[in-house]
Protein chains: 2
Amino acid sequence: MATTDPARPGFVLPLLLLAGFRTLIDDLHAELAQQGHPELRPLHGFVLQAVGPHGTTATELGQRLGVSKQAAGKTVDRLVTLGYLERADDPRDARRKLVRMTARGHDGLARSASVFDTLRDRWSATLGPKRVAAIEDDLRTVAAADLFRLDVPGWFGT
Amino acid sequence: MATTDPARPGFVLPLLLLAGFRTLIDDLHAELAQQGHPELRPLHGFVLQAVGPHGTTATELGQRLGVSKQAAGKTVDRLVTLGYLERADDPRDARRKLVRMTARGHDGLARSASVFDTLRDRWSATLGPKRVAAIEDDLRTVAAADLFRLDVPGWFGT
DNA sequence: ACGATTTCGACAACCACGTTGACGATCGTA
DNA sequence: TACGATCGTCAACGTGGTTGTCGAAATCGT
């Protein structure tokens with residue numbers, strides 16, 4: 001395997017982390033596509049979760065996701081087009097536009113969560129529940145040690 | 001932490017995987033920037049490694065990275081502009097353009113590898129070497145179980 | 001040995017997702 | 001009431017992908 005030269009051990013860890021994440025995401029979307037959500041893209045699940053049950057605004061969503069309000073607004077646009085979100089005026093502040101999940105949005109989020117749960121169960125079946133929990137604990141530890149926020153990321157920044 | 005609802009345990013694992021990857025990558029590039037490679041972008045290290053010491057072609061690189069030859073070609077263009085790669089004609093096949101690392105390319109790759117190694121050491125210092133090795137083993141296991149290739153991915157596909 | 005097929009690299013158009021900067025409308029307050 | 005901060009949107013741009021097309025060069029089959 002040309003990309004995993006054993007003489008460079010440090011390269012392995014990030015690659016494996018990424019690979020683990022990707023397989024999870026790929027499996028999720030393969031499953032979601034079969035459950036009636038073929039157009040849901042990788043980040044959309046996180047976005048829906050960030051919107052939350054009570055709704056929010058584009059600006060708030062942006063800072064919650066760690067991206068600009070413009071980027072958040074664009075993503076909302078797309079999710080609105082796809083029927084997962086809807087916009088409404090805030091009666092108490094004419095500047096704000098509330099962003100809420102539609103029924104389809106709730107369905108997509110619920111299915112995402114449940115598919116993720118079964119994928120985690122699959123990992124547990126392969127590795128044993130203790131190992132999975134250990135991975136989560138360890139990652140939480142290094143994450144905390146690196147003073148990072150668990151919010152959904154800005155990916156690879158520009 | 002709004003994005004990590006404990007009622008949805010499945011969401012945690014992918015988030016942590018991604019977060020771990022991202023902190024590694026961010027730390028790498030913060031360090032690389034200080035070592036004279038500020039314009040090296042997250043994927044460039046993987047691309048350089050995929051080029052390898054003997055050079056390759058754009059098409060070959062594309063399939064090695066799991067992206068189209070056009071995408072690989074564009075990335076090569078950028079790396080050539082930045083001085084990390086160079087193109088040369090293949091004397092045995094006038095269609096092929098060999099892609100090779102320059103001295104700067106080798107330097108960048110070597111530094112990436114060494115920074116990754118020290119980051120891994122830092123994880124070892126925090127978690128203990130056994131835990132880090134266990135994470136790698138476990139991820140390798142689920143990866144293998146999911147019959148996936150350890151090559152650098154096409155990220156989130158379209 | 002020569003024509004058909006395949007392969008390689010490049011070009012163009014496009015999409016997704018992010019960035020800054022600017023700007024009008026609206027709100028809160030001195 | 002007038003000013004400053006905030007919200008959403010528009011525009012321009014960068015980056016990393018995609019597909020389709022095409023000419024040039026190599027390979028293969030008769």
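Sequence lines set the chain letters: A, B, ... in the order given, protein chains first and strands last, and positions in each chain run from 1.
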Exercise for the section: Please confirm whether any donor atom in the side chain of B:Gln70 sits under 3.5 Å from an acceptor in the base of D:dG16, or the reverse. Expected result: no

Exercise for the section: Without swapping roles, check the side chain of A:Asp89 against the backbone of A:Pro91 for a donor-acceptor pair under 3.5 Å. Expected result: no

Practice task
Could you tell me whether a side-chain N or O of A:His29 sits under 3.5 Å from a main-chain N or O of A:Arg41, the two making a donor and an acceptor?
Solution key: yes

Practice task
Establish, with yes or no, whether the OP1 or OP2 oxygen of C:dT6 is under 4.0 angstrom from a side-chain nitrogen or oxygen of B:Arg95.
Solution key: no

Handout entry: Residue pair A:Phe11 / B:Gln49, side-chain heavy-atom distance below 4.5 Å
Key = yes

Practice task
Tell me whether the OP1 or OP2 atom of C:dG9 has a side-chain N or O from B:Thr59 closer than 4.0 Å.
Solution key: yes

Exercise for the section: Write down the distance between CG (A:Leu79) and C1' (C:dA16), rounded to a whole number of angstrom. Expected result: 13 Å

Handout entry: Options D:dG16, C:dG9, C:dT19, nucleotide nearest the side-chain atoms of B:Arg78
Key = D:dG16

Completion exercise
note: A:Leu43, atom CG; D:dG17, atom C1'; distance rounded to Å ~ 14 Å

Exercise for the section: Specify the separation, in whole Å, of atom CG of B:Leu61 and atom C1' of C:dT7. Expected result: 17 Å

Handout entry: Proximity to the side chain of A:His44 - top-ranked nucleotide from C:dC17, D:dG17, C:dT19
Key = C:dC17

Exercise for the section: If the plane angle is over 60° it's perpendicular, under 30° parallel, otherwise tilted; pick one for B:Phe46 and B:Phe21. Expected result: parallel

Handout entry: For atom CG of A:Asp89 and atom P of C:dA25, their distance in whole Å
Key = 16 Å

Problem - Side chains of A:His37 and A:Tyr84, donor plus acceptor under 3.5 Å - result: yes

Handout entry: Shortest non-hydrogen contact between B:Leu119 and B:Leu28, atoms and distance
Key = CD1-N, 3.9 Å

Practice task
Among the candidates D:dG17, D:dT18, C:dC17, find the nucleotide nearest to the side-chain atoms of B:Thr75.
Solution key: D:dG17

Practice task
Please state whether the phosphate of C:dA10, meaning OP1 or OP2, lies under 4.0 angstrom from any side-chain nitrogen or oxygen of B:Arg87.
Solution key: yes

Handout entry: Interatomic distance where CZ belongs to B:Arg22 and P belongs to C:dG18 [whole Å]
Key = 11 Å

Practice task
Have a look at A:Ala58 and say if it touches a base, only the backbone sugar-phosphate, or nothing, with a 4.0 Å heavy-atom cut-off.
Solution key: sugar-phosphate

Practice task
Under 4.0 Å between any heavy atoms, over every strand shown, what does B:Ala94 touch: base, sugar-phosphate, or nothing? Just pick one.
Solution key: sugar-phosphate

Problem - From C:dT20, D:dA25, D:dC7, nucleotide with atom closest to B:Asp93 side chain - result: D:dA25

Fill in the blank from the handout: A:Ile25 atom CD1 is separated from C:dC17 atom P, nearest whole Å, by 13 Å

Handout entry: Most 5' of A:Arg96 and A:Lys74 on DNA chain D, judged by nearest nucleotide
Key = A:Arg96

Handout entry: Side-chain N or O of A:Ser68 closer than 4.0 Å to phosphate OP1/OP2 of C:dG18
Key = no

Handout entry: Protein-nucleotide distance (B:His29, atom NE2; D:dT15, atom C1'), rounded to Å
Key = 14 Å

Practice task
Return the nearest nucleotide to the side chain of A:Lys69; candidates are C:dA22, C:dT19, C:dT26.
Solution key: C:dA22

Exercise for the section: Grab the CG-P distance between B:Asp77 and C:dA12 for me, whole Å please. Expected result: 13 Å

